[in-house]
Amino acid sequence: MKVVLPDSSELELADGATGLDAARAIGPKLAEQAVLARVDGSTRDLRLPLADGEHVQFLTTRDTEDPDALYALRHSTAHLLAEAVMRLHPGVKIAIGPPIADGFYYDFEFAEPISEADLETIEEEIRREIAEGREWVREEVSREDAIARFEAEEQPYKVELARDADGDISLYTQGAFTDLCRGPHLQNAKPIKAVKLTSLAGAYWRGDERNTQLTRIYGTAFFSQADLDAHLERLEQARARDHRRLGTQLDLFHLSDHSPGSPFWHPKGMVLWNALEDLRRRENRKRGYLEVKTPLLYDIQTYITSGHYDNYRENMFFVQPHEGEEPLALKPMNCPGHMLLFGSQLRSYRDLPIRYAESSTLHRDERGGTLHGLLRVKHITQDDAHVFVTEDQIQGEIDAMIDFVNFLYERFGVTPRAELSTRPESRLGSDEQWDHAEAALEAALKRRDLEYVISPGEGTFYGPKIDLHMTDVLGRSWQMGTIQLDYQMPVQFGLTYMGPDNREHAPVVIHRALLGSLERFLGILVEHYGGAFPFWLSPVQVRVIPVGEGHREAAESLRARLDTEGYRVEVDDRDDTLGKRIRDAELEKVPFVIVYGDRESDAALAVRERGGEQSTISLDALLERFRGLAAEGDPA
RNA sequence: GCCGACGUAGCUCAGCUGGUAGAGCACUUCACUCGUAAUGAAGGGGUCCCCGGUUCGAGUCCGGGCGUCGGCUCCA
């Protein structure tokens, strides 16, 4: 048989030759350094046979940044971790240990709990294994043999995995350790030049909290120590952009034990907040949304009607005004309020669509351990709206919402990832309705040519949704905007409109929050910009620094002038050196600094831009520049 | 809710095996009035998260609670 190499040359091989055979045929050095075969785009263990006509490329120990090569390296390191743990903790039960982005983990069930201090010992053991040398041997066995083997070894999790596998099973052995594993793996442990165990966490078997909680050990590995160092350096740089750190540094907000999960917004943070509110309000108005305001407190019946009492009671706040009175619930979402508002009057088909918008304070009593800076809060504010439509208005409204979303996110130069979340196990309504609703959302995504993935079972109990996701500085994904199609809640609330046929019909409602939560959106924005906001968003746009005491008056009058033009300007006339005040302005990431001394006048201002670039320009020219920059946030 | 770690000045952190707290920055005052990323000196500032326990004595050890961080689970 023949396989095709990357340079299009053909290589003759015996039938049944493996990737390693092919590498050997090319050269002994390649055979030694080969880590993986990439065959027609997907990776294959070197121990597996090639087939006639396949296009083969070899990944070697020099492909130190190739994700597939790193995956194999880390997957193999995970096996070394399991071997080390089994040696140090006899009787430990092993579960699964895959490579992940930036590293790997392995899940164990320990007889006695371990702590982070134990990681060092385990890490040393792994290094010892590498120093001793390990080779991986692959074998294929029947399902029954695999089950029997792991039963004999008293490894119940492996038995369960083997039971659930279909077809034959592959095993990989290194040293005294054999694991049930699909591969691919390294030939041997030599390429593993840097290993670090990073953290310890609880994780439920198969991701289900009804199952046993296992102990997960996270780690990472690289082809060189320099790569590991670079990785740690990147993490440190990412942490410098963390919105929690910048929130304090830039005096935007703080969190307090006195009200966990409820940010205190400082004046500078409020500038950002209000910029989002202004954007939301202005753009909603252009698109026919009507701003409303509905109560914060409702009786329990409202939430029984909406279904939230059954589904989310655990996460709601209740207040009892006085002894013996009925409790009220603090609203965790706006839907019921908007349903009641719609139902307060007789509606005609001529009124539809009705688009109620409200950016109101909501409270959700999130489970302990889930709060996270601004990204997961108890006090949450959504740029919410509910659009009541007839069946044939659905498509048009959803298309318009997707366009609206694109418009909003483009303002910030960010691109969210779309997901289509389909029917969950526990839900209202018939399968026909769900088919219909899911199809409507998917059709909209396709019409607007938006890339998306499907998240099965992740929809709400009342309908499917399109979610927009973004990633924070540590690589975690967060849901931002959402568009949800709902046939249920209007029915629960008995909502109707009078149709042209003079009969009552139930409207369909589209729930949507496009930025999502203002708190979360701001958190992501702070990280996206690393605190260096564009001019139109900057809490302080210009700082005027008088050179000496004698220039304070002129600086103040320049400030007043810029203030009149609508810009956010401060004078820094502190009794500090010029260098110090410029340094502070840079650290606060103020976009423009104007140094004002003897040489300056309206005709010639000394302007320093964030980052250090300096120029001398007239006030008029500067104002012209500012007008252009300010317009980025408010395109006509 | 679960696993692990942590909680000391406004911020970032140090505080060894128990003997009633310290640095840098910030703040205040004084001197300097400065030309593009830190002027110098002096000073003020702490219920060491909370409650309980052990001890002659607890920031330090133990128990409980609250909060935060990294994960898991959850997320209308």
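In what follows, chains are A, B, ... by sequence order, proteins preceding strands, each numbered from 1.
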Using a 4.0 Å heavy-atom cut-off across all strands, classify [X] as base, sugar-phosphate, or nothing.
X: A:Arg245; answer: nothing
X: A:Ala203; answer: sugar-phosphate
X: A:His511; answer: nothing
X: A:Asp584; answer: nothing
X: A:Tyr462; answer: sugar-phosphate
X: A:Glu314; answer: nothing
X: A:Arg367; answer: base
X: A:Glu600; answer: base
X: A:Lys331; answer: nothing
X: A:Asp208; answer: nothing
X: A:Asn311; answer: nothing
X: A:Phe461; answer: nothing
X: A:Gly611; answer: nothing
X: A:Thr577; answer: base

Can you check whether [X] has a side-chain N or O nearer than 4.0 Å to OP1 or OP2 of [N]?
X: A:His372; N: B:G71; value: no
X: A:Lys580; N: B:C25; value: no
X: A:Arg520; N: B:C75; value: no
X: A:Arg244; N: B:U68; value: no
X: A:Arg581; N: B:C34; value: no

Is there a Watson-Crick or G-U wobble partner for [N] with both distances under 3.5 Å, and if so, which one is it?
N: B:C16; answer: none
N: B:C48; answer: none
N: B:U60; answer: none
N: B:U54; answer: none
N: B:U68; answer: B:A5
N: B:U39; answer: B:A31
N: B:C25; answer: B:G10

- A:Glu570 and A:Arg543 ion-paired at < 4.0 Å: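 Yes.
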- Message: I'd like to know if A:Glu314 pairs up with A:Arg367 as an ion pair, taking the criterion as any Lys NZ or Arg NE/NH1/NH2 lying under 4.0 Å from an Asp or Glu carboxylate oxygen.
- Response: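 No, this pair does not count.
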- Task: Flag this pair as yes if the NZ/CZ of A:Arg512 is under 6.0 angstrom from the six-membered ring centre of A:Tyr289 and inside a 45 degree cone about the axis; otherwise no.
- Result: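 So A:Arg512 does make the cation-pi contact.
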- Message: Is any side-chain heavy atom of A:Thr471 closer than 4.5 Å to one of A:Arg417?
- Response: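 Result yes, sub-4.5 Å side-chain heavy-atom pair found.
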- Message: Using side-chain heavy atoms (C-beta onward) and a distance below 4.5 Å, is A:Leu88 in contact with A:Asp118?
- Response: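 Counting from C-beta outward, A:Leu88 and A:Asp118 never come under 4.5 Å.
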- Query: What about A:His386 and A:Tyr356, are their ring centers closer than 6.0 Å?
  - Reply: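 Between A:Tyr356 and A:His386, which both carry aromatic rings, the centre distance is not below 6.0 Å.
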Integer angstrom distance from the [atom1] of [N] to that of [M]:
N: B:C69; M: B:C30; atom1: C1'; result: 43 Å
N: B:G43; M: B:C61; atom1: C1'; result: 37 Å
N: B:A41; M: B:C25; atom1: P; result: 10 Å
N: B:U47; M: B:C66; atom1: C1'; result: 16 Å
N: B:G40; M: B:G7; atom1: C1'; result: 36 Å
N: B:G4; M: B:C62; atom1: P; result: 15 Å
N: B:G19; M: B:A37; atom1: C1'; result: 45 Å
N: B:G59; M: B:U54; atom1: P; result: 16 Å

Whole-Å gap separating [atom2] ([N]) and [atom1] ([X]):
X: A:Glu586; N: B:U36; atom1: CD; atom2: C1'; answer: 9 Å
X: A:Asp575; N: B:C32; atom1: CG; atom2: C1'; answer: 8 Å
X: A:Glu112; N: B:C3; atom1: CD; atom2: C1'; answer: 15 Å
X: A:Leu255; N: B:C11; atom1: CG; atom2: P; answer: 12 Å
X: A:Asp251; N: B:A26; atom1: CG; atom2: C1'; answer: 12 Å
X: A:Phe110; N: B:C3; atom1: CZ; atom2: P; answer: 15 Å
X: A:Leu119; N: B:C3; atom1: CG; atom2: C1'; answer: 13 Å
X: A:Gln484; N: B:A76; atom1: CD; atom2: C1'; answer: 7 Å

- Query: Given B:C72, B:G35, B:C75, which nucleotide is nearest the side-chain atoms of A:Leu578?
  - Reply: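 From the listed options, B:G35 comes nearest.
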- Query: Given B:G67, B:C72, B:C27, which nucleotide is nearest the side-chain atoms of A:Asp257?
  - Reply: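 Nearest to the side chain of A:Asp257 among the choices is B:G67.
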- Query: Which sits closer to the 5' end of RNA chain B, A:Ile582 or A:Gly261, going by the nucleotide each is nearest to?
  - Reply: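 First, find each residue's nearest nucleotide; the 5'-ward one identifies A:Ile582.
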- Along RNA chain B (nearest heavy atom to each residue), the more 5'-positioned of A:Met333 and A:Tyr596: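 The answer here is A:Tyr596.
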Any chance the side chains of [X] and [Y] put a donor and an acceptor closer than 3.5 Å?
X: A:Gln433; Y: A:Gln488; result: yes
X: A:Gln484; Y: A:Thr460; result: no
X: A:Trp205; Y: A:Asp107; result: no

